[in-house]
Amino acid sequence: MTEDERDRIAGGYRAFVEEAAPTSPLYARLAEEVAGSDDVLSFLADLPVGKRQPNLLFAALRYLHGTPADGAQLRRLVADDGERLRATMLARATQTNEPARCGALLPVLALIEGPLALIEVGSSAGLCLYPDRYGYAYDGVPVGPRDTVRIDVTTSGGVPVPGDVPAVVARIGIDLNPLDPADPDDRAWLRALVWPGANAGERLRRLDAAAEVAAREPATALTGDLLDRLPDALALVPPGCTVVVFHTAVLPYLRSEARAAFVDRMRDLPVRWIAQEAPGVLPGTGERRPSGWGTEFVVSLDGRPLAVSAPHGGRLEWLPDGLGASGR
Ligand SMILES: C[S@@+](CC[C@H](N)C(=O)[O-])C[C@H]1O[C@@H](n2cnc3c(N)ncnc32)[C@H](O)[C@@H]1O
């Protein structure tokens, strides 16, 4: 490991401290420990560049051993079980799937004439493909079915809360590695990706319940790159519906040329396009943060920003010029 490499990896973990501190103080402490541990940094330096990030290391540790209580335990686990940890980090990826993100999608979907065919690119286990199967409470006002996953949203800025959920006639996901919501091992990995912290219990309950919904009514899952497989997804759409291509927390995974090509494609296709991504990931959606992530997402329809949402759901702020966006 060169000194440069060590500093780069440690710098990534230090940046993560700030990101994790508000919701997961334990992860913030663990990241600080990693940044100061030569042994753990060497372990990480032996992994390919795209496999060294905090989310992946911590999820792999939790998947194999449960959450490390502190830095000393983390260092011990890396020293004693490095081979299995390495194999897990190579085999798995950060594919956090948060169904609560549907709370931000629903008011935007309601602006689009249905019935809808949903194509989600970067769908992970596809849990955001069921916005019509979940129940919502916007500032306590219920929307949609009651006896199912419940998604609470606090709103501001005059969110046009719909009276009901949309009619969905097709659910198609594209992912480099689609996870199977019915598979116990994939579910265990999805659970390991949820950060420990005050809202972890609620997130895990929601994840389990949403995986049950998805397992009962499987979506079509296409394996591969989102641009490559988009024509296949479009070919599966039944006639007589509006196609909505959407993505949440996906585009930072793409290199900038691929991201630009995807944006061009979305502008050309005769579909509606919803994005829920960190600011600046799409043109005209604010300043890009160095980490690629951040503490809020921008929700846009056909490239036009409509709202700001909390990355794991729960909060939605409609932007002042976000109304009247139903026309293309
Ligand atoms: C952070 S997860 C988000 C999952 C889901 N959209 C959500 O918001 O809960 C990002 C997903 O994008 C997928 N992904 C990344 N790059 C991709 C690409 N080029 N083509 C297809 N899927 C991709 C990853 O495999 C991962 O499952």
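Each ligand, and each atom within it, is numbered from 1 in the order the structure gives. In this chain, residues are counted from 1 in sequence order.
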Non-hydrogen atom of Asp175 closer than 4.0 Å to ligand 1 = yes
If we number the atoms of ligand 1 from 1 as shown, the ones under 4.0 Å from a heavy atom of Ser124 are 4 (C), 27 (O)
Distance-minimising heavy-atom pair for Arg52 and Leu47 = NE-O, 3.0 Å
Just jot down the ligand 1 atoms closer than 4.0 angstrom to any heavy atom of Thr96, in number order.
-> 1 (C), 2 (S), 3 (C), 4 (C), 7 (C), 9 (O)
Verify the cluster assignment for Val281 and Val298: are they in a single hydrophobic cluster under the rule of side-chain heavy atoms below 4.5 Å apart?
-> no
Would Gly224 count as a contact of ligand 1 if the rule is a heavy atom under 4.0 Å away?
-> yes
Tell me which part of Leu227 gets within contact of ligand 1: side chain, backbone, both or neither, using heavy atoms under 4.0 Å.
-> neither
Can you check side-chain contact (heavy atoms from CB on, under 4.5 Å) on Ile151 and Cys102, steps first, answer last?
-> CA-CA 8 Å; Ile151 295 171; Cys102 287; 4.2 Å; yes
Salt bridge between Asp39 and Arg75, side-chain N to carboxylate O under 4.0 Å?
-> no
Check whether the side chains of Thr154 and Arg315 place a donor and an acceptor atom closer than 3.5 Å, and report yes or no.
-> no
Closest by any non-hydrogen atom to atom 5 (C) of ligand 1: pick that one out of Pro252, Ala249, Gly122.
-> Gly122
Select the closest option to atom 18 (C) of ligand 1 among Leu190, Leu176, Leu230, Val250, judged by heavy-atom distance.
-> Leu176
Which of the atoms in ligand 1, numbered in the order shown and given with their element, are less than 4.0 Å from a heavy-atom of Asp225?
-> 18 (C), 19 (N), 20 (N)
Looking at ligand 1, does Gln276 have a heavy atom less than 4.0 Å from it?
-> no
Taking distance alone, with no angle check, do Asn97 and ligand 1 share an N/O pair under 3.5 Å?
-> yes
Ionic contact status for Arg205 with Asp208, cut-off 4.0 Å | no
Within reach of ligand 1, part of Glu120 (heavy-atom separation under 4.0 Å) | side chain
Applying side chain to side chain donor-acceptor pair (under 3.5 Å), run through His247 and Glu120 and close with a yes or a no.
-> CA-CA 6 Å; His247 47 94; Glu120 183 182 14; over 6 Å; no
What residues, two or more places apart in sequence or in another chain, satisfy side-chain hydrogen bond (donor to acceptor under 3.5 Å, both in side chains) together with Asp175?
-> Gln95
Subset of ligand 1 atoms that lie under 4.0 Å from at least one heavy atom of Leu254 | 16 (N), 19 (N)
Answer yes or no: is there an ion pair linking Arg150 with Asp152, defined by an N-O contact shorter than 4.0 Å?
-> yes
With a cut-off of 4.0 Å, which atoms of ligand 1 are near a heavy atom of Cys128?
-> 7 (C), 9 (O)
How does Ala93 reach ligand 1, by side chain, by backbone, by both or by neither, if only non-hydrogen atoms under 4.0 Å count?
-> neither
With only distance considered, is Thr248 within less than 3.5 Å of ligand 1 through an N or O on each side?
-> yes
Judged by atom type as modelled, is there a donor-acceptor pair below 3.5 Å linking the side chain of Trp189 to the main-chain atoms of Ala93?
-> yes
Quick one: does Arg101 get an N or O within less than 3.5 Å of an N or O on ligand 1?
-> yes
